[in-house]
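Structure first, commentary second.
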Number of protein chains: 2
Amino acid sequence: MLWERAREPHAHRWSLPGGGLGDLEDVEASIRRQLAEKVDVRQLSHVEQLAVFSNPKRVPGPRVVATAFLGLVPSHIDPVVPSDTAWHPVDALPATAFDHEAICRRARHRLASKLSYTNLGFALAPPEFTISALRSLYSAALGYKVSATNLQRVLSRRGLLEPTGGTVQPGPSGGRPAALFRFVSGEMRVTDPFAVLRPPSTRSLSS
Amino acid sequence: MLWERAREPHAHRWSLPGGGLGDLEDVEASIRRQLAEKVDVRQLSHVEQLAVFSNPKRVPGPRVVATAFLGLVPSHIDPVVPSDTAWHPVDALPATAFDHEAICRRARHRLASKLSYTNLGFALAPPEFTISALRSLYSAALGYKVSATNLQRVLSRRGLLEPTGGTVQPGPSGGRPAALFRFVSGEMRVTDPFAVLRPPSTRSLSS
DNA sequence: CGTGTTTTCGCCCGGTAGGCGAAAACCTGG
DNA sequence: CCAGGTTTTCGCCTACCGGGCGAAAACACG
C-alpha cells in the first residue's frame with residue numbers, strides 16, 4: 001500500500017506510509033500509529049521489523065534513518081484508504097520515492113521466506129477458506145504457482161491446518177464442493193526446524 | 001565481547017560495544033568503525049543487522065534507539081582487546097547494562113538458526129579445520145552436542161564442505177589422522193530452500 | 001442419466017536427516 | 001613387532017518429507 005506524494009521531494013512518486021518516532025513509543029507502536037492515523041489501517045494480522053535503512057543519502061536533506069516493517073492484513077479485510085492511497089501489486093510497482101522500492105522488495109522476500117518455514121499464512125487468510133483460495137494467496141505472495149495438493153498435505157502434516165467441517169457450494173460450472181479449513185494457531189511460529197542437527201531429543205511433530 | 005562500564009549509568013555492568021551514528025555513514029559502517037576504534041576488532045567474517053531496540057525507557061535519560069548487529073570473528077582470530085573488555089560465553093553472561101542481555105540472546109538465536117539453514121559456519125571456522133574441530137564450533141554456537149558423523153555428511157551433501165587433502169597428526173593418545181576440510185564459499189548463502197512449494201523448475205543441488 | 005468440472009485422496013518415488021556399527025589409521029606399551 | 005586402545009571415517013539401514021500423478025468423490029448441466 002502506497003500513497004502518492006503531493007509535495008517535493010519526489011512529488012507524484014509513490015511512498016510507503018510512515019513517519020517520525022514519538023518520544024513515548026517504540027518503533028512498532030509508531031508504525032501502528034502511523035498506519036492507523038494516516039491510512040486508517042488497524043487490523044494488522046502480523047507486524048515485524050524488516051531492517052534499518054540508513055544510507056546518509058537515502059533522502060535529500062538532513063539524514064533520516066528508517067526502520068522498515070513488514071505488515072500484513074488478511075485478504076478478507078479491505079480497509080478504506082484515503083484518496084491519495086492505493087494498493088499496488090509488488091510485481092508491478094509504480095515509480096516509488098526514495099529507497100522504497102528496495103524496501104518493498106525486501107518485504108516481499110521476507111514474506112515469501114516466512115510463508116515457507118512458518119505458519120505465517122494465517123496472517124494472509126480469512127478465518128475460514130478453501131484450499132484453492134489459500135492456493136491463490138500463496139501463489140500471489142510467493143510469485144509462482146503452487147500445487148493445491150501439496151499445499152494441503154504439507155500444511156496439514158505440519159499441524160497448521162485443520163478442517164472446520166463446513167463446505168462451500170460449487171460454482172455454476174459444477175465440481176465437488178470444497179472443504180473449509182482454518183489455521184490452528186493465530187500466532188506466528190516456526191514450523192520447519194530446518195536444523196542441521198537437532199537437539200538430541202527434539203522430534204518434529206507429524207500430523 | 002563485552003566491556004565493563006566505568007561510569008554511570010550502570011557502572012561496573014557489562015555492555016556491548018557500540019556508539020553514535022556518524023553523519024556520513026550508515027549503521028553497518030558505524031558498527032564496523034566502533035569495533036575497530038573502541039576494541040580493535042577488524043577481522044569480522046560476517047556482519048548482519050539483528051533488530052532495532054527502541055523502547056523509550058531502555059536507557060535512562062533521553063531516548064536512544066539502537067540498531068543491534070550480529071558480528072562474527074573466526075575462531076582462529078584472537079584480537080587483542082582493551083583491558084576493560086573481555087569475551088564471555090553467551091550461556092554465562094555477567095550482569096549486563098541496559099537491555100544488552102536481551103540483545104545477546106537474540107544474537108545467539110539468530111546465529112543458531114542461520115548455522116542450520118545457511119553456510120554461516122564459514123564465518124566461525126578457520127580456513128582449514130578437522131571435522132571434530134568444526135563439531136566443537138557448532139556445538140558451542142548451537143548450545144547442544146552435534147554428531148560429527150552427520151555434520152560431515154549434511155554439510156558435504158549440501159556442497160558446503162570440501163576436503164583440502166591434508167591431514168592432521170593424531171594426538172598422543174593415538175587415533176586415525178583427521179582429514180582437513182574447508183568451506184567452499186566465503187559468502188553467506190542460504191542452503192536449505194525450506195520452501196513449502198518450490199518454484200516449478202528449481203531443484204536443490206546435491207553434492 | 002451421462003458428461004464435464006472441481007476437489008480430494010491414495011499410491012509411489014526420490015532425496016535427506018539421522019543412528020549405528022564396522023573399518024581405517026594411528027599411538028603406546030609390552 | 002605385535003596386541004590393545006583411541007580417534008576418525010565410511011557404509012548400511014531406517015524414517016520421514018516434499019512432490020508428481022492418476023483415480024475417486026461430489027457436484028452442475030443438458
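Because only heavy atoms are used, hydrogens play no part in the values below, and waters and symmetry mates are left out as well, while side chains stay in. The sequence lines fix the lettering, A, B, ..., with proteins before strands; numbering per chain opens at 1.
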**Request:** Mark yes or no for whether Ser30(A), through its side chain, and Asp26(A), through its backbone, hold a donor-acceptor pair below 3.5 Å.
**Result:**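 Absent.
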Just how far, in rounded Å, is [atom2] of [N] from [atom1] of [X]?
{"X": "Arg158(B)", "N": "dG15(C)", "atom1": "CZ", "atom2": "P", "answer": "16 Å"}
{"X": "Leu161(B)", "N": "dT9(D)", "atom1": "CG", "atom2": "C1'", "answer": "14 Å"}
{"X": "Lys145(B)", "N": "dG18(C)", "atom1": "NZ", "atom2": "P", "answer": "17 Å"}
{"X": "Leu151(B)", "N": "dT8(D)", "atom1": "CG", "atom2": "C1'", "answer": "14 Å"}
{"X": "Asn150(B)", "N": "dC12(D)", "atom1": "CG", "atom2": "C1'", "answer": "14 Å"}
{"X": "Phe181(A)", "N": "dT7(C)", "atom1": "CZ", "atom2": "C1'", "answer": "10 Å"}
{"X": "Leu134(A)", "N": "dT8(C)", "atom1": "CG", "atom2": "C1'", "answer": "15 Å"}

For [N], does OP1 or OP2 lie under 4.0 Å from any side-chain N or O of [X]?
{"X": "Arg135(A)", "N": "dT7(C)", "answer": "no"}
{"X": "Ser147(B)", "N": "dG18(C)", "answer": "no"}
{"X": "Gln152(B)", "N": "dC10(D)", "answer": "yes"}

What's touching nucleotides 27-29 of chain D from the protein side, N or O pairs under 3.5 Å?
{"residue": "dC27(D)", "atom": "O2", "partner": "Gly175(A)", "partner atom": "N", "Å": "3.1"}
{"residue": "dA28(D)", "atom": "O3'", "partner": "Pro172(A)", "partner atom": "O", "Å": "3.2"}

**Prompt:** Taking the side chain of Arg153(A) as heavy atoms from C-beta outward, which of dG10(C), dC10(D), dG18(D) is closest to it?
**Reply:**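 Of dG10(C), dC10(D), dG18(D), dG10(C) is nearest to the side chain of Arg153(A).
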**Request:** Between dC11(C), dC10(D), dT8(C), spot the one nearest the side chain of Thr149(A), thanks.
**Result:**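 Selected nucleotide: dT8(C).
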**Item:** Polar pair under 3.5 Å, donor/acceptor by atom type, side chain Arg157(B), base dG15(C)
**Value:**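 Looking at the base of dG15(C), it does not pair with any donor or acceptor on the side chain of Arg157(B) (distance under 3.5 Å).
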**Request:** Evaluate the side-chain contact (heavy atoms from CB on, under 4.5 Å) criterion for residues Glu28(A) and Glu48(A): first the C-alpha distance (whole Å), next the side-chain angles of each, then the deciding distance (0.1 Å), finally the verdict.
**Result:** CA-CA 8 Å; Glu28(A) 179 170 331; Glu48(A) 78 176 55; over 6 Å; no
**Stepwise side-chain contact (heavy atoms from CB on, under 4.5 Å) test for Glu162(A) and Phe183(A)** = CA-CA 6 Å; Glu162(A) 69 182 5; Phe183(A) 275 95; over 6 Å; no
**Prompt:** Just one of Leu151(A), Val154(A), Ile131(A), Val184(A) clears the side-chain contact (heavy atoms from CB on, under 4.5 Å) bar with Leu161(A), so which one?
**Reply:**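 Considering Leu151(A), Val154(A), Ile131(A), Val184(A), a side-chain contact (heavy atoms from CB on, under 4.5 Å) with Leu161(A) is found only for Ile131(A).
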**Message:** With side-chain contact (heavy atoms from CB on, under 4.5 Å) as the criterion, how do His12(A) and Arg5(A) come out once you've worked through the C-alpha distance, each side chain's angles and the decisive distance to 0.1 Å?
**Reply:** CA-CA 5 Å; His12(A) 305 299; Arg5(A) 293 180 59 85; over 6 Å; no
**Prompt:** Could you give the distance from CG (Leu134(B)) to CD (Glu128(B)), rounded to the nearest 0.5 Å?
**Reply:**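 Taking CG in Leu134(B) and CD in Glu128(B), the distance rounds to 13.0 Å.
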**Pair His88(A) + Trp14(A): ring centers closer than 6.0 Å** =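 Yes - the distance between ring centres of His88(A) and Trp14(A) falls below the 6.0 Å cut-off.
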